Amino acid sequence: MAKTLADFVCEAQARVRTISVEEFDEMIENHDDVLVVDVREAEEFHRGHIPGALLIPRGILESAADTNRPTRVDKLCGARDWTIIVCSQNNARSALAADTLQQMGFQKVYLLVGGIDRWE
């Protein structure tokens, strides 16, 4: 049977760690080595985002995180040992993105539960 987007998201969510908005707020306040990666599109990001978040749309994440690509994003590539918190509007894209980052060797990746909808 063919998989649906919901299937892919559910599988990714099972493989990633999550962090609540309350835990997120505490982590941001108490740690300097945290990078928030927002995987929404630019229009969504500009309507409102977590202060200091790095915008990397889901569609370009792999090339942005690959140190061997000219399209890499140095801020992301340089944060491989940091805590990475991935967010999207409501978790579908961020679950897939967090799972991808883990597969690419990022060790401390978290999914912000509820995404921007919950954070707001």
Side-chain angles (χ1 to χ4, degrees):
M1 174 181 267
K3 289 185 179 183
T4 65
L5 174 60
D7 294 328
F8 285 111
V9 170
C10 193
E11 290 171 3
Q13 286 176 328
R15 290 188 294 261
V16 299
R17 291 172 284 195
T18 60
I19 187 169
S20 70
V21 171
E22 295 77 22
E23 292 168 319
F24 168 79
D25 288 340
E26 183 179 317
M27 187 175 286
I28 292 295
E29 287 180 26
N30 297 318
H31 297 89
D32 293 330
D33 59 346
V34 176
L35 178 63
V36 178
V37 176
D38 191 320
V39 295
R40 297 176 299 157
E41 295 299 318
E43 306 82 46
E44 296 171 287
F45 183 82
H46 293 301
R47 284 194 298 261
H49 60 272
I50 295 169
L54 178 63
L55 173 63
I56 302 180
R58 174 64 192 96
I60 64 166
L61 180 67
E62 290 84 354
S63 65
D66 186 339
T67 58
N68 297 314
R69 303 281 303 177
T71 54
R72 72 182 171 273
V73 174
D74 290 333
K75 187 171 184 177
L76 176 60
C77 291
R80 286 185 175 274
D81 295 328
W82 289 28
T83 297
I84 308 291
I85 301 172
V86 184
C87 64
S88 62
Q89 197 65 43
N90 59 22
N91 281 149
R93 288 173 283 184
S94 53
L96 297 170
D99 189 39
T100 297
L101 288 173
Q102 286 182 158
Q103 291 179 54
M104 293 183 79
F106 290 81
Q107 298 296 312
K108 297 182 278 187
V109 180
Y110 293 86
L111 169 65
L112 180 62
V113 174
I116 295 297
D117 285 346
R118 176 67 192 237
W119 174 80
E120 289 178 329

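None of the values given here were measured: they were computed from a predicted structure.
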Please name the pair of heavy atoms, one in [X] and one in [Y], separated by the smallest distance, quoted to 0.1 Å.
{"X": "L112", "Y": "I85", "answer": "CB-CG2, 4.0 Å"}
{"X": "W82", "Y": "D33", "answer": "CB-O, 3.3 Å"}
{"X": "F8", "Y": "L96", "answer": "O-CD2, 3.8 Å"}
{"X": "C77", "Y": "R72", "answer": "SG-CB, 3.8 Å"}
{"X": "F106", "Y": "A65", "answer": "CE1-CB, 3.9 Å"}
{"X": "T71", "Y": "S63", "answer": "OG1-CB, 3.2 Å"}

Would [X] end up clustered with [Y] when hydrophobic side chains under 4.5 Å apart are linked, directly or stepwise?
{"X": "L55", "Y": "I84", "value": "no"}
{"X": "I116", "Y": "Y110", "value": "yes"}
{"X": "V86", "Y": "V21", "value": "no"}
{"X": "I19", "Y": "V109", "value": "no"}
{"X": "I50", "Y": "V37", "value": "no"}

Could you measure the distance from the [atom1] atom of [X] to the [atom2] atom of [Y]? Nearest 0.5 Å is fine.
{"X": "R93", "Y": "E41", "atom1": "CZ", "atom2": "CD", "answer": "6.5 Å"}
{"X": "I28", "Y": "T83", "atom1": "CD1", "atom2": "OG1", "answer": "9.0 Å"}
{"X": "E29", "Y": "D32", "atom1": "CD", "atom2": "CG", "answer": "12.5 Å"}
{"X": "M104", "Y": "R80", "atom1": "CE", "atom2": "CZ", "answer": "6.0 Å"}
{"X": "R58", "Y": "T100", "atom1": "CZ", "atom2": "OG1", "answer": "4.0 Å"}
{"X": "C87", "Y": "F45", "atom1": "SG", "atom2": "CZ", "answer": "8.5 Å"}

How about [atom1] on [X], more than 12 heavy atoms from neighbouring residues, nucleotides or ligands closer than 6.0 Å, or not?
{"X": "R15", "atom1": "CZ", "answer": "yes"}
{"X": "N30", "atom1": "CG", "answer": "yes"}
{"X": "Q107", "atom1": "CD", "answer": "no"}
{"X": "R118", "atom1": "CZ", "answer": "no"}
{"X": "Q103", "atom1": "CD", "answer": "yes"}

Does the pair R47/E120 count as a salt bridge with the N-to-O cut at 4.0 Å?
-> no
Hey, are R69 and E62 close enough for a salt bridge, meaning a charged N less than 4.0 Å from a carboxylate O?
-> no
Go through the steps for Q13 and N91 under the test side chain to side chain donor-acceptor pair (under 3.5 Å), then give the verdict.
-> CA-CA 9 Å; Q13 286 176 328; N91 281 149; 5.0 Å; no
Decide side-chain contact (heavy atoms from CB on, under 4.5 Å) for L76 and L61; before the verdict, give the C-alpha distance in whole Å, the side-chain angles of both, and the deciding distance to 0.1 Å.
-> CA-CA 10 Å; L76 176 60; L61 180 67; 4.2 Å; yes
[Y] and [X], any side-chain heavy atoms less than 4.5 Å apart:
{"X": "E44", "Y": "H49", "result": "no"}
{"X": "E11", "Y": "K3", "result": "yes"}
{"X": "Q89", "Y": "D117", "result": "yes"}
{"X": "L111", "Y": "R17", "result": "no"}
{"X": "L35", "Y": "L54", "result": "yes"}

